[in-house]
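Just below is one structure, and these are the notes that go with it.
Residue numbers count from 1 along this sequence. The figures here come from the full heavy-atom set of this structure, side chains too, leaving out hydrogens, waters and symmetry mates. It should be emphasised that the depicted structure is a prediction, and the values quoted were computed from it without experimental measurement.
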Amino acid sequence: MTDIYITSERLCKTLNIQSQELLDLQAFIDSDPNDEWDLKEGTDYRVVNKAGLREYTCAGAFAVAECLEFKKKTEQNWFQNLIQTLITAIRGHIQTAFVREHIFNNSSSLVQNSGHYFLSKADVVAIFRSRGDYVQKMSVEAQRLEKPLILGEDYLDIPDKGIYYSLSGMMKLAHAYKVNITRRHRKDWCSDVGREVAPCVTGILKQLKLRNDAITSAVSQAKTRAGQTCQVTGVKGNSIQPIPMAGHHLFSRAEYPLLVATVDNIICITVEVHNHFHQFMGGHHKPCTLDDFEHFVKQFYPENTEVLLWLQGKRLILGNPQSTTAKERHVLHLPWPIPKLLPPAQ
């Protein structure tokens, strides 16, 4: 029986492919002599010209068709897997961004002790998106794991302040959550917290340092602007008899954190006048405003109309800012260096 040969052109039309795709299929099949589509010249095809053009037998054409179907299915699966991997990665990046933002916005209790940084239990509860009793349960569960929580290193229990967890303590809590909870999205969230809390706090510390540098620069500019002269008393030191100057924030640093690095919110006065003003207010811890300082000047230096006019100008610039309560303050409003949390007396 004479073999029936199918031209390459006819095979391309039948398989609905371009000629280059057929050439690529031929190269793919020929590249591995041990694959299931091993085509043999004389049996599955014949070469009809010097360029290598082939004509296929029915068996050869069927093998080419099978190979095409396999490649398309494989490429489709590969593409689907690629898309799925991409979607998973994007979701992971988005969740990581949410976790970082959540840590960033719930770290206003940040304190330090013996070289470790700690967060209050309330902030830890918020960061894990959990409950206080469940954080306590995870603390107990963590004690059963290979690396239990260590007092003084992973957590502190401070009278009148409660429990504070360090970054290492939060990492151990994250591991306890991962081991003990069943919901996948919660496992992922808690795992991300454990992974991201340390770099997030490192970033916070960097920003706080930059903020402190900006405050120092603003105070220096205010003193330079005043010619190193007290704007209330007119006293100016010299190289023989220097007089220490202070850069006083008209709207206090703690209650008006957005104005701390604003030069117009700072007046150059002697340390003596500075201390006098805060005694007048009831102590350095008491909040103060531009109105308070103006009242102080009117009572003790009423003849200094120049500084009173200067204060009026600053009022026009600064407006009527709203104070920020302790609960409203962001972690980036913390003083530098980070406040120390003293452990209970042994």
Side-chain angles (χ1 to χ4, degrees), residues 1-105 127-129 171 174-203 206:
M1 180 178 177
T2 304
D3 286 330
I4 298 174
Y5 283 92
I6 303 170
T7 65
S8 292
E9 182 180 4
R10 178 67 180 275
L11 186 57
C12 285
K13 289 181 179 179
T14 302
L15 298 177
N16 193 28
I17 61 175
Q18 300 295 318
S19 58
Q20 186 58 51
E21 289 182 77
L22 179 57
L23 292 173
D24 292 340
L25 275 173
Q26 291 174 178
F28 176 76
I29 293 170
D30 293 343
S31 66
D32 185 357
N34 298 315
D35 63 26
E36 58 185 290
W37 307 287
D38 184 24
L39 299 179
K40 293 181 173 58
E41 186 177 358
T43 302
D44 299 303
Y45 68 91
R46 67 185 179 187
V47 178
V48 296
N49 63 20
K50 292 182 179 181
L53 182 65
R54 296 178 180 181
E55 291 182 347
Y56 287 90
T57 64
C58 291
F62 187 73
V64 171
E66 279 190 329
C67 181
L68 176 64
E69 184 180 8
F70 169 80
K71 281 182 64 65
K72 285 188 174 181
K73 184 177 180 180
T74 302
E75 289 172 357
Q76 183 181 26
N77 289 341
W78 174 83
F79 182 72
Q80 289 175 344
N81 290 338
L82 178 64
I83 293 299
Q84 187 59 47
T85 300
L86 181 62
I87 290 173
T88 301
I90 290 173
R91 285 175 177 167
H93 287 310
I94 291 173
Q95 171 151 310
T96 297
F98 277 128
V99 169
R100 289 174 179 170
E101 182 180 16
H102 206 62
I103 294 172
F104 193 65
N105 289 329
I127 289 171
F128 277 109
R129 297 166 72 178
M171 292 168 70
H175 183 56
Y177 269 102
K178 184 178 179 180
V179 169
N180 288 279
I181 58 180
T182 57
R183 288 179 292 172
R184 177 62 185 273
H185 73 283
R186 291 291 296 130
K187 281 180 178 284
D188 291 344
W189 180 273
C190 295
S191 295
D192 287 346
V193 168
R195 185 183 66 250
E196 297 297 331
V197 65
C200 274
V201 170
T202 298
K206 181 179 179 180

Name every donor-acceptor pair, under 3.5 Å, that has one atom in a side chain of residues 9-22 and the other anywhere in the protein, sequence neighbours excluded.
residue : atom : partner : partner atom : Å
Thr14   : OG1  : Arg10   : O            : 2.9
Gln20   : NE2  : Asp24   : OD1          : 3.0
Glu21   : OE2  : Gln18   : N            : 3.1

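- Every pair passing salt bridge (charged side-chain N to carboxylate O under 4.0 Å, His left out) that includes a residue from residues 191-200 is listed here, sequence neighbours excluded: Arg100-Glu196, Asp192-Arg195.
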Could you go through the side chain to side chain contact (heavy atoms under 4.5 Å, CB included) check for Val64 and Asp44 one step at a time? CA-CA 10 Å; Val64 171; Asp44 299 303; over 6 Å; no
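- Residues Ile6 and Ala61 come closest through the heavy atom pair CD1-CB, 3.9 Å.
- For Ser8 against Tyr56, the heavy-atom pair with the smallest separation is OG-CE1, 4.3 Å.
- Smallest separation of non-hydrogen atoms from Val193 and Ile127: CG1-CG2, 3.7 Å.
- Put simply, CZ on Phe128 and CD1 on Ile103 are 8.5 Å apart, with the number rounded to the nearest 0.5 Å.
- For residues 46-56, the salt bridge (charged side-chain N to carboxylate O under 4.0 Å, His left out) pairs, not counting sequence neighbours, are Asp30-Arg54, Arg46-Glu55.
- Scanning both residues, Cys190 and Ala174, for their nearest heavy atoms gives O-CB, 3.2 Å.
- Considering only residues two or more places apart in sequence or on other chains, Phe62 meets the side-chain contact (heavy atoms from CB on, under 4.5 Å) condition with Glu66.
- Remark: Asp188 engages Arg184 in a side chain to side chain donor-acceptor pair (under 3.5 Å) (not counting sequence neighbours).
- Applying the salt bridge (Lys or Arg N to Asp or Glu O under 4.0 Å) criterion to Arg183, with sequence neighbours excluded, gives no partner residue.
- In this structure, OG in Ser191 is found 11.5 Å from CE in Met171, a value given to the nearest 0.5 Å.
- Tyr45 has its side chain out of reach of Thr57: every pair of non-hydrogen atoms, C-beta onward, lies at least 4.5 Å apart.
- In this structure, the side chain of Lys178 does not engage the main chain of Lys187 through any donor-acceptor pair within 3.5 Å.
- Taking the six-membered ring for Trp and thresholds of 30 and 60 degrees, Trp189 and His102 have ring planes more than 60 degrees apart, a perpendicular arrangement.
- When every heavy atom of Val47 is checked against every heavy atom of Gly52, the shortest pair comes out as CG1-CA, 3.7 Å.
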